[in-house]
Every structure is written in structure tokens, then in C-alpha cells.
Protein chains: 2
Amino acid sequence: MSAEPKSRARRGVDRLDILDAAFNLFDEVGEISFSIRKLAATIGVDPMTILHHFGSKDELLRAVADYALRSVEMPSATKNWRADLKAVANAYRLLAHRHPRVFPLHFRYNATGPADHISSEIVYCALRRAGLPDASAAGLGLAFYAFVLGFALAEAEGLLKAIGPAEEAELNNLDPKMYHATQDLIPALKNLDPNAVFNDSIEVFISGVADLAKLKPRLVPIPECAAKCA
Amino acid sequence: MSAEPKSRARRGVDRLDILDAAFNLFDEVGEISFSIRKLAATIGVDPMTILHHFGSKDELLRAVADYALRSVEMPSATKNWRADLKAVANAYRLLAHRHPRVFPLHFRYNATGPADHISSEIVYCALRRAGLPDASAAGLGLAFYAFVLGFALAEAEGLLKAIGPAEEAELNNLDPKMYHATQDLIPALKNLDPNAVFNDSIEVFISGVADLAKLKPRLVPIPECAAKCA
DNA sequence: GTCTAAACTCTACACCGTAGAAGTCAAGAG
DNA sequence: CTCTTGACTTCTACGGTGTAGAGTTTAGAC
């Protein structure tokens, strides 16, 4: 048995060509404008060719999401669990910054590819080294992803940036009796720095994890992990 | 000038009828199957009638997202900022549980309706009472939403639940040398309780906020807010 | 050469959002 | 009452979509 799939017919385009082109097109035009027919046109092929490589548009997009995930380089574990969590969070944020159109696909098609296992291994390892028992580590690992992906998604969709004059006017028009805190924060919202917000947030998560580990410390030591991770 | 728009023609359906039907249909069939033509059929009207009330499908969905947000009852502020943050988070999670199909729309169309201002007022107020300076309160308020919405979205999309036999087998097939922590956590992942994870996560966020407030305390007192919120 | 099967293309269908024209009907003016 | 008006609704049509099903091409096995 050879490594090649020993194709007997002509090979105009293969899966990877299509995937790469699909990724680029999607990244460029966004979800609403992306269509199999346009993709077929850009790579000079019949639309049905694409559908015979991938079963349906849905599966194609799933593959695109996975392809994007693989394009970002995941960090390696270090001795510092806090730094490891930051590194993973930064990797996802970088992905969202680089490919804001593709990024939302990860929420629709729950990413379970190897690249994701790599990062989750780091996260789980970090949370255990922080001192959490396994039950908490598992749950908080997933919560960590919910937070990081939610943050990155909000940023990719443009929800997490300094407010402009229009939003400022809207907030100023609210009833001052009911929206006092909101209106007090308008200057801060106008000068919002996404990077600072991200750093603060990660810091909050990390110190919260440390607190929880003190509150509910793990009773059994980490088997072998210490030898591998640290 | 009267309050009514003094309509001169017959009133078959109005905006609210359409909105309500659209919300219910979307909630039932999901985004991919939802279409203006189907919606028109269910309420016995021509598709174009809908498009003349709302400018386009996009604006209709935007209105649906806003309509869903208004359907959830936001809590009132109490004396306890920790309880207030939990209450807001729970309100959004409840919305996601009740309407998992509609919920993702909030990420596409950044919700800026009044209902959202109500909750964000509570959040900002809570963070200031926690002792954060305005700059941190503004940023962490948005980060809080990113976390809560991300968590709720992940849950609505089915990413945040106990793993089944298929996922377990997949994790077991990973290389034990590289995925030690992941495989150790398989029992915990099989018994994952979403509610417990949510509570842990909120607790982590809250104690992290308290830590940050100690690290970077606000120097100026909260103007008037104390009289209103507490 | 022939044979075979994988890769690809063609045709066709049902459905979509929506522009633009035409129709319909309640309410005020005479 | 009739007539006008204009907001509301519907009709028709167009260019687009995903994809099922049948037909065509082509590279390697013999």
C-alpha cells in the first residue's frame, strides 16, 4: 500500500487546493458572500467538483474552520502555568485578528481537531499545576475557552473597541437617573484599549484560578505530569 | 399629532406580528432553514409585505435578536456587587438556554438596545463598587460580557457538556506521551456538570476582580452612585 | 490496444432575497 | 354618495444559491 491514494484519473485540483482557496475566499468576502459557485469560479473548476471532494457546503466550512485553526502556531508548555494560559489565549486572539471572517466558524463547528487538543493539553496541564483538582480543572479548562473564544469573537465582530461619537451620543441620551454608572464611564469607554482590556481580563482569570485553587486544593498529586510539563 | 401613525389603509399585520412570528420560527427551525418566504407562509402573507416592514432580511434578524433580548427579565441592582454580577450572567445564560437558535444572533448584530443598557448599568455599577477604577471597570465590564456571552454561546451550541463515548474514544486514541493531562481528565470530562462549571467560572471572575481591585484600587470615590446602587 | 474506476462536468430543480410594477382598500374631501 | 389619495399588500420577474443525478473524461492496469 502506497502513501498516495493511487489516483487513477486526472488530478486537476486536490482537497488541499480547494481548502486553501476556500479559506482565502472566505477570509476575503465573508460568510454572506461566500458561495461554492464563486469558489469554483476562482479556481476554475465546476462547482460540483468541490462538492464531490467535500460532501456539502457545511462540511467544506467545517474543514475551513479546522484549516484556520491549524494555521496558528500553538505555544509549548513552560514551567510557568500563568504564562502558558496567557500564551494560549494570545494564540487564539491572534487567529481572530488575522482571520476575523473565518474565526466565527469555530463556534458553529466545535473545533475538535488535533490543533485544539494541543492547546487544551496545555490549558489542562496549567490548571492542574495551578493546584486545581481534576473536576475543577476540566470545567475551568472549558470555561477558559469560552472566555478566550468569546473575547476573540467579540473583538473580531467589532464589539470590543473604544466607542465612537454615535455611541457616545446614544449613552448620553439615556436617562441620567437610571444610567449613572454607564454615563460616568463614557470617558473611559472612549479611550478603551483592547490590548489592556485583554491583559486585565486574563490577569483576572488567572488570579481567580489561584484563589479557587486555595479554596479547593487538589488532594492527590499530579501523576507524571510534573515530569513532563515542568 | 396623534400617537397613532394615523394609518389610512387597512392594517393586516403590523411589525410586532411579524417580529413575533419571525422569532418563533427562527427559534424552531434555526438559521439555515429560516427564510422570509417560509415566514410569510406561516403568517399567511406575501413575502414582500415582510420586506416592506423591515428593510431586508438582515434588518429583520437584527430586530429578532433585539426582541429576544427584551424577552428576558433583567435583575435589579442589590447591595451585593458579587450577587449582581451573578444575576446578570444568569439572565443571559437563561436566554441562551431558552432560545439557543436565536442567541447567536447577538454576536453578529452587536446588541445595543435598552435591555442591554440596563444590564450593563448593573455590571458597571458592580465593578465600581468592587473597587475598580473607571478605566478598569469599563474594560472589565466588556470583558465580562465577552465571557458570559461566550459561555452561553458555547453552551447553546453544545460545546460545553459532558463528553460522550465517541469523544472519549477520540481522546484515548491520542498519543499518551503528549496528551497526558487531557487523558487524565477524561473521567472528569465524562461527569461534567455545566451548572457547576458556570458557578465555578463566575466565582473565578469575581474573585479575580476583587484581587485586581486590591492591586489597582480606585482613588476617587464613586460619585452619587453609592446613593443609588447601594 | 481495451478495460475500469476515479475525477470531473453538464443539466436541471427547487429555493432564496428582493427590485419594481401593479393592485387593493380605508379614510378624508367634495 | 363619489372621488382622490396614499399607505399597505401582492404579483411578477431576475439573478443568485446548494446540490441531486446522469453523463463525460482521463490515467493507470492489463
Side-chain angles (χ1 to χ4, degrees), chain A residues 1-23 25-65 101-102 104-105 108-109, chain B residues 1-65 101-102 105 108-109:
Chain A
M1 43 177 130
S2 70
E4 279 297 302
K6 59 187 314 185
S7 67
R8 288 227 266 161
R10 107 203 90 146
R11 315 239 19 185
V13 294
D14 62 355
R15 242 186 93 99
L16 202 65
D17 293 330
I18 298 175
L19 202 48
D20 194 70
F23 173 66
L25 182 61
F26 196 104
D27 212 18
E28 193 180 334
V29 305
E31 164 133 43
I32 4 110
S33 299
F34 178 89
S35 77
I36 287 190
R37 293 170 117 107
K38 282 178 192 160
L39 173 60
T42 66
I43 57 182
V45 100
D46 189 271
M48 288 310 291
T49 299
I50 295 169
L51 280 181
H52 281 137
H53 276 275
F54 303 81
S56 65
K57 185 186 185 182
D58 202 66
E59 295 214 27
L60 172 61
L61 293 187
R62 198 180 293 266
V64 166
R101 315 301 248 295
V102 175
L105 292 178
R108 182 158 38 214
Y109 311 111
Chain B
M1 46 178 125
S2 70
E4 279 296 303
K6 58 188 317 188
S7 69
R8 289 229 264 161
R10 105 205 92 147
R11 316 242 16 181
V13 294
D14 61 355
R15 245 186 92 99
L16 202 65
D17 293 331
I18 299 175
L19 202 48
D20 194 70
F23 174 66
N24 287 326
L25 182 62
F26 197 104
D27 213 18
E28 193 180 333
V29 305
E31 164 133 43
I32 4 112
S33 299
F34 178 88
S35 77
I36 288 190
R37 293 171 117 108
K38 281 179 193 160
L39 173 60
T42 65
I43 57 182
V45 100
D46 190 89
M48 288 310 292
T49 299
I50 295 169
L51 279 181
H52 282 136
H53 276 274
F54 302 81
S56 66
K57 185 186 186 181
D58 202 65
E59 295 212 28
L60 172 61
L61 292 187
R62 198 179 293 267
V64 166
R101 314 300 247 295
V102 175
L105 291 178
R108 182 157 38 216
Y109 311 111

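Here is the naming used below: chain letters follow the sequence lines, and residue numbers restart at 1 for every chain.
- When the P atom of D:dT17 is taken as reference, atom CG of A:Leu39 falls 11 Å away, rounded to whole Å.
- Atom CD1 in A:Ile32 sits about 14 Å away from atom C1' in D:dT17, given to the nearest Å.
- Counting only distance, with no hydrogens or angles, the side chain of B:Asn24 and the backbone of B:Ala21 share no donor-acceptor pair below 3.5 Å.
- Inter-residue side-chain proximity for B:Phe34 and B:Leu60 is flagged as met; some heavy-atom pair is nearer than 4.5 Å.
- In this structure, B:Asp58 and B:Tyr109 have side chains that are in contact, with non-hydrogen atoms separated by less than 4.5 Å.
- If you measure from atom CZ of A:Arg62 to atom P of D:dG18, you get 17 Å, rounded to the nearest angstrom.
- For the pair B:Arg108 and B:Glu31, the salt-bridge criterion is met [side-chain N within less than 4.0 Å of a carboxylate O].
- For A:His53, the side-chain atoms get nearest to C:dC8 when compared with the rest of C:dA21, C:dG17, C:dC8.
- The side chain of A:Thr49 contributes no N or O atom lying less than 4.0 Å from OP1 or OP2 of C:dA7.
- The side chain of A:His52 approaches C:dC8 more closely than any other nucleotide in the set D:dG18, C:dC8, D:dC11.
- The CD1-P distance, from B:Ile50 to D:dC8, rounds to 15 Å in whole Å.
- Nucleic acid contact class of A:Leu51 (heavy atoms, under 4.0 Å, all strands): base.
- Contact check for A:Asp17 versus A:Ile43: no side-chain heavy atoms found under the 4.5 Å cut-off.
- Distance from the side chain of A:Arg37 is smallest for D:dT17 among the nucleotides D:dT10, D:dT17, C:dC10.
- Taking atom CD1 on B:Ile36 and atom C1' on D:dT17, their separation rounds to 15 Å, with Å as the unit.
- Whole-Å rounding puts the A:Phe54 CZ to D:dG18 P distance at 15 Å.
- If you measure from atom CD of B:Glu31 to atom P of C:dC16, you get 14 Å, rounded to the nearest angstrom.
- Considering only side-chain atoms of A:Ser35, the nucleotide from D:dT17, C:dA21, D:dT19 that sits closest is D:dT17.
- The residue among A:Met48 and B:Asp46 whose nearest nucleotide of DNA chain D lies closer to the 5′ end is B:Asp46.
- In this structure, CD1 of A:Ile18 is placed 11 Å from P of C:dA7, rounded to the nearest angstrom.
- Comparing D:dT17, D:dC11, C:dG17 by their closest approach to the side chain of A:Lys38 singles out D:dT17.
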